[in-house]
Amino acid sequence: MRWTANELKLAFYLYCQLPFGRLHQRNPDIVQLASKLGRTPSSVAMKLVNFASLDPAITGTGRKGLSGASKLDRAIWDQFQGDWEGLVDECSALLVLPGDAGPVDVLSVTEPAANYVGETREAQVRVRVRQSFFRKAVLASYGGKCCMSGLSEPRLLLASHIVPWSIDTANRLNPANGLCLSALHDRAFDQGLIALSDEFTVLVSDQLKAHSDAFTRSSLAALERSEIALPGRFVPAGELIRWHRENVFLG
């Protein structure tokens, strides 16, 4: 049975939120989407691996998806590379079946809430669904580990925006504007106490280096010039890293 454009959008939406190693028919997220689409889990898994064959972050490392991606697969891929909000809004609406209370996606309690002042309840739900997509896409890309410390406890991990949500509307949901960081490293990055070089090494501010306590030295200052663990896909965009370094980093 031929895939429709809406079905492919939902498949791509899920693809962005799963690690490459979990694109298999036993994955509960794939089983759930297959049920909604009236397809088999194996056919949905196969479609996700078709999308992987279009992903330069996958193919550039020698990994391969299934060949046979269709023209419509590529069209969906190209359509949403620069319109992440459009992808999330369309797909969250498609996932709401008649009689559902609302989108099934919910934001992890570990993620800081956006500013909802003056927003309607519908707008609040939309923002939370968008934030949830960003978190899942970023954490999946980094294998659920802080890229600076290696910490893997999900309740202590954040999908950190490189350029803040409030400043760059075009890149709010772009996973390449995200880093998977522990709560500590997220706060340090947000406050400009640490930053990244163009080569993805950690830069530490002089203020942190001047601290005398052992914890600051071992957990933050010791990161100076260490390389972050790069994600399997959605590598941080160079122009966004430079913006943070030039506008937030304390040097």
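Predicted model only: the values in this text are computed from it and were never measured. One is the number of the first residue; the rest follow in order along the sequence.
Clustering ILVMFWY residues whenever any of their side-chain heavy atoms sit less than 4.5 angstrom apart, transitively, puts Ile228 in a cluster other than the one holding Phe249. Grouping the Ile, Leu, Val, Met, Phe, Trp and Tyr side chains by contacts below 4.5 angstrom, directly or via other members, places Leu203 apart from Ile162. At a threshold of 4.5 Å between side-chain heavy atoms, the hydrophobic network of Ile, Leu, Val, Met, Phe, Trp and Tyr places Val88 and Trp165 in one connected group. Residues Trp3 and Leu94 share a single hydrophobic cluster, defined by chaining ILVMFWY side chains whose heavy atoms lie under 4.5 Å apart. Leu240 and Val248 end up in the same hydrophobic cluster when Ile, Leu, Val, Met, Phe, Trp and Tyr side chains are linked at under 4.5 Å.
Within a 6.0 Å sphere centred on CD of Glu227, heavy atoms belonging to other residues, nucleotides or ligands number 12 at most.
Checking side-chain atoms of Ser141 against main-chain N and O of Ala137 turns up a donor-acceptor pair under 3.5 Å. A donor-acceptor distance shorter than 3.5 angstrom exists from the side chain of His24 to the backbone of Arg26, with no hydrogens or angles considered. Gln25 contributes no side-chain N or O that, together with a main-chain N or O of Ala45, makes up a donor-acceptor pair within less than 3.5 Å. Distance alone, capped at 3.5 Å, is enough to place a donor-acceptor pair between the Ser53 side chain and the Asn50 backbone. Distance alone, capped at 3.5 Å, places no donor-acceptor pair between the Arg233 side chain and the Ala52 backbone.
In terms of heavy-atom proximity, Val44 sits nearest to Leu33 at CG1-CD2, 4.0 Å. Taking all atoms of both residues into account, the shortest heavy-atom contact from Ile30 to Pro41 is CG2-O, 3.6 Å. Shortest non-hydrogen contact noted between Leu8 and Ile76 is CB-CG1, 3.9 Å. Considering all non-hydrogen atoms of both residues, Gly178 and Phe134 come closest at CA-CZ, 3.7 Å. Looking at every heavy atom in both residues, Leu151 comes nearest to Leu156 through CD2-CB, 3.8 Å. Here the closest non-hydrogen pair linking Phe234 and Ala57 is N-CB, 4.4 Å.
Side-chain contact between Leu179 and Leu196: present, with at least one pair of heavy atoms (C-beta onward) separated by less than 4.5 Å. In this structure, Arg172 and Trp84 have side chains that are not in contact, with every pair of non-hydrogen atoms separated by 4.5 Å or more. The closest side-chain heavy-atom distance from Arg130 to Asp89 is below 4.5 Å. No side-chain heavy atom of Leu250 sits less than 4.5 Å from a side-chain heavy atom of Asp206. For the pair His244/Phe189, a side-chain contact is recorded, criterion being any heavy-atom separation below 4.5 Å from C-beta on. Contact annotation: the side chain of Phe51 never approaches that of Cys16 to less than 4.5 Å [non-hydrogen atoms, C-beta and beyond]. In this structure, the side chains of Asp190 and Ser160 stay at 4.5 Å or more apart for every pair of heavy atoms. Using a 4.5 Å heavy-atom threshold, the side chains of Pro175 and Lys136 count as separate.
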task: Could you check Leu139 against Gln17 for side-chain contact (heavy atoms from CB on, under 4.5 Å), going step by step and ending with a plain yes or no?
output: CA-CA 8 Å; Leu139 265 62; Gln17 299 177 75; over 6 Å; no

- prompt: Stepwise, does the side-chain contact (heavy atoms from CB on, under 4.5 Å) test hold for Leu230 with Cys147?
  reply: CA-CA 7 Å; Leu230 289 175; Cys147 66; over 6 Å; no

- request: Could you go through the side-chain contact (heavy atoms from CB on, under 4.5 Å) check for Leu157 and Tyr142 one step at a time?
  value: CA-CA 11 Å; Leu157 293 176; Tyr142 286 88; over 6 Å; no

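For residues 234-249, every residue pair satisfying the salt bridge (Lys or Arg N to Asp or Glu O under 4.0 Å) rule, not counting sequence neighbours, is listed here: Asp198-Arg242, Asp198-Arg245.
Side-chain contact check for Ser70 and Asp73: at least one donor-acceptor pair (N or O, by modelled atom type) lies under 3.5 Å. Judged purely by distance below 3.5 Å, without hydrogens or angles, the side chains of Asn174 and Asn177 never pair a donor atom with an acceptor atom.
Ring-plane geometry between Tyr15 and Trp77 is classed as tilted, the angle between the planes lying from 30 to 60 degrees on a 0 to 90 degree scale. Ring geometry, Phe12 versus Phe80: the interplanar angle falls under 30°, so the pair is classed parallel (tilted spans 30 to 60°).
A salt bridge does not link Glu7 to Lys47: none of the charged nitrogens lies less than 4.0 Å from a carboxylate oxygen.
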